[in-house]
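Read the structure below first, then the notes.
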Protein chains: 2
Amino acid sequence: MKMRAAVLEQFGEPLVVQEVDLAEPRAGEVLVRLAACGVCHTDLYTASGADPSGYAPAVLGHEGAGVVEAVGEGVALVEPGDHVVTLFSPQCGRCEHCLDDRTNLCLAIRDQQNNGYMPDGSSRISRQDGEIRHFMGTSTFAEYTVMPEIALARIDPEAPLDRACLFACGLSTGLGAAINTAGVEAGSTCVVFGAGMVGLGAVAGCRLQGAERIISVDLSEERLELARGQGATETMLGGEAVVEAILEETGGFGADYTFEATGNVAVMRQAVESARMGWGLCTVAGVAGKGETLDIVPRLLITGRRVAGSSFGGVKGREGVPKLVDRWLAGELDVEPFVSHHLGLEEVNRGFELMEKGSGIRSVIDF
Amino acid sequence: MKMRAAVLEQFGEPLVVQEVDLAEPRAGEVLVRLAACGVCHTDLYTASGADPSGYAPAVLGHEGAGVVEAVGEGVALVEPGDHVVTLFSPQCGRCEHCLDDRTNLCLAIRDQQNNGYMPDGSSRISRQDGEIRHFMGTSTFAEYTVMPEIALARIDPEAPLDRACLFACGLSTGLGAAINTAGVEAGSTCVVFGAGMVGLGAVAGCRLQGAERIISVDLSEERLELARGQGATETMLGGEAVVEAILEETGGFGADYTFEATGNVAVMRQAVESARMGWGLCTVAGVAGKGETLDIVPRLLITGRRVAGSSFGGVKGREGVPKLVDRWLAGELDVEPFVSHHLGLEEVNRGFELMEKGSGIRSVIDF
């Protein structure tokens, strides 16, 4: 079938929206008609050429939500008409990691996915001059996509898809960092560095876990206002003096839980230094630049701080995303404020521009 | 009273064994007649002048064991005749940290202890030309010492004191890193970097926790032999290729638990890199040099590794040390091989020389 899609042709150049061919889903694969897709930093990171593992041509996009249109042979997990959120982090349910409660990093299709292919090693996207590769196993900057069934989370059809798509990446990452990775305890003090999609999700996650104090740190007053809306009890402008300010606010000790959601390694270091002596846990959720390191003074560890990291918030996607969506529908989460712009697919590059300008939290493409 | 003690007079110079005055224990304090004291790296670190918080003159030594000789006013935790292990990490039992299971870092007397004084801000040690300060709240390179009652662990009098002293620092640090800080699970795979006192203790701790595989890494074949004696199932010579070798030995994933017991930040980094994707925990027990940092590639965290640190093995001293000693007396631990040299107090500087040469594991001073 023919469809319109945003193709990364050349690193550092705008995506080119064009008509491409999409083949039918093969065994274990599903054809999804996309309803909405968020524009995320990871898309821009790859489009810019900064990601050393990037490739082109490829259809970008990974924060998608839509409706199952057709299924390939043997598909048992979804059926036509199901509402789904796309998962760049799949859940096969059978591998060593899926069977273990401690991790959500499914091992089933990593290699092929990282190379831009479906599990059988081929692409479903093409045009006259040849193959176009998938991106993150999702390629949701398009009217349709073909994806492995293990990479689709079936959600309540009551959930509006133009907000449900946020659960495909940023929002689940932030929520899960607090709920799963850190396992924030009720009554605790938390600090969240960064108030973008992931940081705001972490603030909301801390709130859902019953944290008593949630300090949001960002460079933008506008974002700090959004953080207050998600449950931050205090806010601080970021900068060099912020660790000292946090220690002052916490009796000289630091916070029980700190979260890093900026990808800046200097901020990661602040998040470690703001964690409480004795038992403070710093959870890194941001993605650092190539070659950068988080430099920790070992004494901070010896005196009881811990450091962890979180990919997709430790959420096992097929099981976990529907539950988070249910909490939203039950009124526990206010997702509306995250969607700052609605765009058409033709405007995808404007989504990148808005992101680079720091305008709003999320642009969502509606199909 | 008069006693002989090893005094740090000048940084970088040998300790000077001499007669000094020891005042009577005041309220809450205890006079201990020392029977034995291990010579530990921390003593040498301070004697060398490398420790920026060091001071002189002071009586060094902190890995002591002895017998209570007299008690000051109001002392309720020990009585004359009790056999005790000295604790540089006290346990008041009342502070916020003592009341919390997550940490052993008692807050009661930190400041005065760090400055070389008893909790009331004064020293019990002096000579004609003035005050001599305590070291780590212990000062056990001496025939006697005065210590706060909260810094003494009462142990089974059946335990030979010339080995019980090892529980005052290195051995408990290693054992506790595995038992308390990491909480090694039965059946797991562990890697311990460094096979000195702390590393060997960690190997033994992993064994006590029921680890299935324990890989000991060191630069010395002789020490690796000792590690096998403590329960290491595999050994490796350290070096640049060791991470790759560990990954190869663990199906490409890394170990469930890794321990760093060298204080070398490059080795700390290897310990992080050897921890398993998904859930591997790296526990840092070694003390790094001033200004050095542990540099971590954040991707290692994002993909599920965790980093923790351990001071005195997370052992709450008054409760925890007697239990470890009991396990030794019950035959669960073989402490004999750790004591490589027996010295008199006059030979304390030889203990430092042996340590610098890497000869044996521990020199113990017998009084």
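Below, chain A is the first sequence line, B the second, and so on; all start at residue 1.
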- request: Enter the distance from B:F253:CZ to A:L107:CG here, rounded to the nearest 0.5 Å.
  value: 4.5 Å
- prompt: Should we count CG of A:D111 as having more than 12 external heavy atoms under 6.0 Å?
  reply: no
field: Heavy atoms from other residues, nucleotides or ligands near CG of A:N114 exceed 12 (cutoff 6.0 Å)
entry: yes
- line: In this structure, CG of B:L301 is separated from OG of A:S311 (nearest 0.5 Å) by 12.0 Å
field: Reported CZ-to-CZ distance for the pair B:R306 and A:R102, which is rounded to 0.5 angstrom
entry: 11.0 Å
statement: chain B shares the most heavy-atom pairs under 4.5 Å, among A:E260, A:R299, A:M277, with A:M277
task: Examine whether an atom of A:L281 lies under 4.5 Å from a heavy atom of chain B, and if so say whether it belongs to the side chain, the backbone or both; otherwise answer neither.
output: side chain
- line: Most heavy-atom pairs under 4.5 Å with chain A, out of B:D100, B:N104, B:L300, belong to B:D100
message: Is B:T181 in contact with chain A via its backbone, its side chain, both, or neither, using a 4.5 Å heavy-atom distance?
response: both
query: Is it the side chain or the backbone of B:V287 that comes within 4.5 Å of chain A heavy atoms, both, or neither?
result: neither
field: Most chain B-contacting option - heavy-atom pairs closer than 4.5 Å, from A:T293, A:T103, A:V297
entry: A:T293
- request: Write down the atom of A:M268, the atom of B:P298, and the distance for their closest heavy-atom approach.
  value: SD-CG, 3.8 Å
query: Do the side chains of A:L294 and B:D295 get nearer than 4.5 Å, heavy atoms only?
result: no
- request: Measure A:T303 against the heavy atoms of chain B and call it side chain, backbone, both or neither at under 4.5 Å.
  value: both
